[in-house]
Amino acid sequence: MPQDCMRAFDREIHSFLSAQGIDPSIVRLDTPADRQFGERATNVAFLLKKERDQPPRQIAQDIAQGFDPQAYRLIQAVEPAGAGFINFRLNYDTFTPFVIEEVRASGSTYGGGVISEVERVVVEHTSVNPNKEWHIGHVRNAVLGDVVGRALRRAGHTVAVQNYIDDTGLQAAEAVLGLRDFPEPRREGEKYDHWLGRMYVKIAGEIASEPELRQRLEELGEPVQAGSTEPPDSARERVSITARLDNLTRLKQRILVVMHELETGQYHDVIVSLLDAQLQTAYRLGIYYDLVNWESHLVQSHVFDEAIEGIKQSPKVFQATEGRYAGALIIVTDESASSEDEPKAEVLIRSNGIPTYVGKDIAYHMWKFGLLPERLKYVEFHDQPDGTLLWSTSLEGENRSSRDPDRVINVIAVNQTLPQQAVNQALRVAGFDEAASHLLHLAYGLVSTREGKISGRKGTSVSADAVIDEAVRVAHERVREKRSADLTDEGMRQISEAVGVGAVRYFMVQYNPLRDIVFDVSDVVSYDGNTGLYVQYALVRMAAILRRAGTDHGVDGGEIEAANTALLQHEQEKRLIFQIAQYPDTVATAARTLAVNLIAEFAYDLATTFSQFYRDCGVLNAEPDLRAARLLLVRTVQSVLANVCELLGVPVIERL
RNA sequence: GCCCCCGUAGCUCAGUCGGAUAGAGCAUCCGCCUUCUAAGCGGACGGUCGUGGGUUCGAAUCCCGCCGGGGGCACCA
């Protein structure tokens, strides 16, 4: 049974305060920013000011006076401070061995097991349209979702990561149409997603030009009648535009046909090839999934039809006969919002019979939560590079006895907030309150470049593959110029890959998810300061110390095991122990709030503290007893920092 | 016009239960490699936390107004 060392400390503090006659329900402990104020502090003296009619400082003093060090194992001192804080100091003589043993015993699971209840969580992320290669915004989505999944797993939840493939949508249809009717030669070594993407961009660009063309046509005005004085240029332009518009109309009709064909599973092989290519990017970044959900399967197995039939039972869902929604199947999401106008509603199925995005999404979420009878089968899609099996929905295959999730987390960009709210609201209205309240939209901000917004449609996006290539290339250059001596070419290649991937992933998780961020490749490949490499570098130093301890100093594992932790009295050593002890709390908070940037922050802080320890506390040149104790500490920190890297998906390296 | 999110150092950003002198990285300048890897470490410079009020012993953090930026407000996805 894993223990949380900090909580053990907190329990002692609570028991001390209770013994001082303080109501436990008002006690809150926090961690002072500066360790000169101890490891924990409480503000109870401020809260008791009125009740006791005494200055907080006096109250704090009285409380602290009641402390008897003999009575507590982990508390060393209780001190009044400032205007009325009470600070608690850790007793490292007992705390240090406690933490080290805890890390040793829990190993790679250290940090978990402190949640109150194990939940089954579905995390859906990536869900990139199958039309072109990933851009940098998709990387943010996938990395965030991946780290959220990892954090929830580490915390102790049961997680299923899903990737939804909208293979019946407009985007996919445009790409498929491009390949079928306007094929372009594939370049030497070009990835399938980049190749298809080029054709998609052309088609999408053509369609996007329609309003512009129409406006231009209007500007040109009507053709002048016989005996014309109109400039021939205008006449020629009008003819040309009219011809283009006619083509556009035909193009759009063909897209509709393709969309229909996609629903029946045609071109599935094209979409699979595209997905495979996109997944290569994911796998390169260490992002893996449990299941790919295909929209076409949901359509073909009549999951959507069944869902619609189901929610039609709700009085809020009906076919509108008049007004702006005449002929469409709508769900009234907010009746109170109705002024003299119509009530607020969402269209589920258009009057032309085609379901809307929101309509499909509602049905999809009913399926996700297991609110519909399972019609889908499951097949093995392929083996992922990490050795796990990726499953796919299917029309034929195995049944899977999957229990319904307690919680569904959708990692979707912030500009999809409204449709996501609509889905939530509609689920509620349709009578699925339980599901609605356990559906969470993890919104993340847009990624722009210093040049401005990125747009997949316009083809002004930054390719994820290009960014990773560049990060790896720069890393490789520097690895080569640094030490080529004891590294093989293959060794350098692997390290560069790990450094490049680590840099990209770290960049994406270090920010508050909700915030819009400005992406600049030069920030990613600078490799100075607060980057993925900084954390990896600390690990390289730890590995070097531990390696040399054996090879150059003949220290064996047994000697390290038997080390006397009482010798770890240096300020930097205590700081390392204290930080390591806070890891379970960081994991729990990240799992609860999904603020995965806290994990990156933790990694950076721990690496920083290690750098300072590295500067101030020689390990290999210390006296043998102290050396053994420090080696034990280094091994413990290494275990935890590697553990954090595992959560972040930043690859651990042992040399540079 | 309405709704949501965001304004913290020259730039990119932390600050997730309101707490003690507001933190990093980059950039600029200075210093540290015969001793565990200098992709590192130390120091300097740099802030009326958009702005005006309010709540509080205490506000970057909570509430209200205003200003600025972004996103969203279709039978598009």
Side-chain angles (χ1 to χ4, degrees), chain A residues 28 30 32-34 36-37 41-43 45-47 49-50 55-57 81-85 87 129 166 169-171 320 324-330 345-360 413-419 421 443 445-446 448 450 453 457 475 478-479 482-483 499 507 510-512 514-520 522-523 526-531 533-534 536-538 540-549 552-553 589-590 592-595 597-598 600-601 604-605 608 611-612 614-622 627 630-631 634 655-656:
Chain A
R28 280 211 307 257
D30 47 26
D34 192 330
Q36 64 163 303
F37 299 121
T42 182
N43 63 349
F46 292 108
L47 306 176
K49 189 182 75 149
K50 275 184 188 145
R57 172 84 199 177
F85 293 100
N87 296 334
N129 273 315
D166 181 6
L170 178 65
Q171 323 272 334
R324 58 191 288 214
Y325 296 124
L329 186 74
I330 61 171
E346 290 287 338
V347 173
L348 302 177
I349 298 181
R350 302 184 184 91
S351 47
N352 64 7
I354 299 175
T356 60
Y357 175 81
V358 170
K360 284 198 280 194
V414 70
N415 56 8
Q416 298 288 324
T417 298
L418 217 59
Q421 280 172 354
L446 265 45
S448 62
R450 288 205 154 84
K453 282 195 285 187
R457 271 177 181 273
R478 298 192 56 178
V479 169
K482 246 206 128 178
R483 23 192 106 236
V499 169
F507 184 89
Q510 66 177 309
Y511 305 116
N512 186 330
L514 208 59
R515 190 157 178 148
D516 291 347
I517 60 175
V518 175
F519 177 84
D520 195 323
S522 64
D523 290 337
S526 75
Y527 294 123
D528 290 323
N530 190 356
T531 63
L533 180 64
Y534 183 87
Q536 291 172 317
Y537 191 72
V540 165
R541 284 172 153 178
M542 294 176 209
I545 291 172
L546 292 167
R547 195 167 51 234
R548 292 225 177 169
D552 300 1
H553 299 264
T589 305
R592 180 171 46 81
T593 64
L594 307 182
N597 54 310
L598 295 176
E601 196 182 332
Y604 181 71
D605 288 345
T608 300
S611 291
Q612 290 160 353
Y614 183 88
R615 179 195 66 211
D616 296 340
C617 306
V619 175
L620 298 177
N621 57 8
R627 182 178 65 195
R630 285 184 172 163
L631 283 168
V634 170
R655 45 176 83 220
L656 261 180

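The sequence lines fix the lettering, A, B, ..., with proteins before strands; numbering per chain opens at 1.
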Please produce a list of atom pairs where a protein N or O lies less than 3.5 Å from an N or O of nucleotides 42-46 of chain B.
unit_1: B/rG42; atom_1: OP1; unit_2: A/Q612; atom_2: NE2; d: 3.0
unit_1: B/rG42; atom_1: OP1; unit_2: A/R615; atom_2: NH1; d: 3.4

Please write out the pairs of protein N or O atoms and N or O atoms of nucleotides 21-24 of chain B separated by less than 3.5 Å, giving the distance to one decimal.
unit_1: B/rU21; atom_1: O4; unit_2: A/D34; atom_2: OD2; d: 3.4
unit_1: B/rU21; atom_1: O4; unit_2: A/Q36; atom_2: NE2; d: 2.9
unit_1: B/rA24; atom_1: O2'; unit_2: A/Y604; atom_2: OH; d: 3.2

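Comparing the C1' positions of B/rC4 and B/rG31 gives a spacing of 50 Å, expressed to the nearest Å. Taking the C1' atoms as reference points, B/rA9 lies 12 Å from B/rA27, given to the whole Å. Atom name P, nucleotides B/rC5 and B/rG10: the rounded distance is 28 Å, in whole Å. Nucleotides B/rC33 and B/rG40 are separated by 10 Å at their C1' atoms, to the nearest Å. For the P atoms, the distance from B/rU56 to B/rU51 is 23 Å, rounded to whole Å. Here, B/rC2 and B/rG19 have their P atoms 34 Å apart, quoted to the whole Å. As rounded to the nearest Å, B/rG47 and B/rC63 have P atoms that lie 29 Å from one another. The separation of B/rC26 from B/rC73, taken at their C1' atoms, amounts to 38 Å, rounded to a whole angstrom.
Summarising the base pairing, B/rG18 is matched to no nucleotide, lacking a Watson-Crick or G-U wobble pair whose two defining distances lie under 3.5 Å. Here B/rG40 sits opposite B/rC32 as a Watson-Crick or G-U wobble pair (both hydrogen-bonding atom distances under 3.5 Å). When both distances must be under 3.5 Å, the Watson-Crick or G-U wobble mate of B/rA27 does not exist. Partner assigned to B/rG65 is B/rU51, using Watson-Crick or G-U wobble distances below 3.5 angstrom.
In this entry the base of B/rC33 is syn relative to its sugar, with a glycosidic angle within 90° of 0.
Atom-to-atom, CG of A/D616 to C1' of B/rG40 comes out at 13 Å; the value is rounded to the nearest Å. A/R541 has its CZ atom 15 Å from the P atom of B/rC33, to the nearest Å. What separates OH of A/Y357 from P of B/rG72 is a distance of 13 Å, to the nearest Å. Summarising the geometry, the separation between CG on A/L47 and P on B/rU56 is reported as 15 Å, rounded to the nearest angstrom. As a whole-Å value, the separation of A/R478 CZ from B/rA38 C1' is 11 Å. Following rounding to the nearest Å, A/R655 (CZ) and B/rC36 (P) show an atom-to-atom distance of 15 Å. What separates OH of A/Y614 from C1' of B/rC36 is a distance of 5 Å, to the nearest Å. Rounded to an integer number of Å, the gap from CG of A/L594 to C1' of B/rU16 is 11 Å.
Counting only heavy atoms from C-beta outward, the side chains of A/V499 and A/Q536 approach each other to under 4.5 Å. Taking the side chain as every heavy atom from C-beta outward, A/Y614 and A/V619 never approach each other to under 4.5 Å. A/Q510 has its side chain out of reach of A/N597: every pair of non-hydrogen atoms, C-beta onward, lies at least 4.5 Å apart. When side chains are defined from C-beta on, A/K49 does not count as touching A/P55, because their heavy atoms never get closer than 4.5 Å.
Ring centroid separation for the pair A/F85 and A/F37 does not come in under the 6.0 Å cut-off. Residues A/F507 and A/F519 bring their aromatic ring centres within 6.0 Å.
The 5' end of RNA chain B is approached more closely, in terms of each residue's nearest nucleotide, by A/A81 than by the other of A/A81 and A/Y537. A residue-by-residue look at A/L418 and A/C617 shows that A/C617 has its nearest nucleotide of RNA chain B further toward the 5' end.
For the residue pair A/T608 / A/Y534, a side-chain donor-acceptor distance below 3.5 Å is found, with atom types taken as modelled. No hydrogens or angles considered: a donor-acceptor pair under 3.5 Å links the side chains of A/S522 and A/D520.
A donor-acceptor pair under 3.5 Å links the side-chain atoms of A/D166 to the main chain of A/G169, judged by distance alone. At distances below 3.5 Å, not a single donor-acceptor pair connects side-chain atoms of A/S448 with backbone N or O atoms of A/V518. For A/R57 (side chain) and A/G82 (main-chain N/O), a donor-acceptor pair under 3.5 Å exists by modelled atom type. A donor-acceptor contact shorter than 3.5 Å is absent between the side chain of A/S351 and the backbone of A/A328. Without hydrogens or angle criteria, A/R548 side chain to A/H553 main chain gives no donor-acceptor distance under 3.5 Å.
Contact annotation: A/R548 side-chain N/O to B/rU37 OP1/OP2 distance is under 4.0 Å. Between B/rC41 and A/S611, a contact under 4.0 Å exists linking OP1 or OP2 to a side-chain N or O.
Within the nucleic acid shown, A/A41 comes within 4.0 Å of at least one base atom, counting heavy atoms only. Note on A/A595: a base of the nucleic acid sits closer than 4.0 angstrom, heavy atoms only.
Taking each heavy atom of A/G84 and A/A45 in turn, the nearest pair found is O-CB, 3.2 Å. Counting all heavy atoms, side chain and backbone alike, A/P32 lies closest to A/A41 at CG-CB, 3.8 Å.
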message = Treating primed atoms plus P, OP1 and OP2 as sugar-phosphate and everything else as base, which nucleotides of nucleotides 4-14 of chain B get B, S or - for protein heavy atoms under 4.0 Å?
response = -S-SB--SSSS
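Here the nucleotide nearest the side chain of A/V479, chosen from B/rC57, B/rC36, B/rA39, is B/rA39. Side-chain atoms of A/P32 lie closest to B/rA20 of the nucleotides B/rU37, B/rG72, B/rA20. Candidate nucleotides B/rG71, B/rG40, B/rC75 were compared by shortest atom distance to the side chain of A/S351, and B/rC75 ranks first. Distances from the side chain of A/A326 to the nucleotides B/rU16, B/rC75, B/rU37 place B/rC75 closest.
In terms of polar N and O atoms assigned as donor or acceptor, the side chain of A/N87 comes within less than 3.5 Å of the base of B/rA20 in a complementary pairing. Judged by atom type and distance alone, A/N415 does not reach the base of B/rG72 through any side-chain donor-acceptor pair under 3.5 Å.
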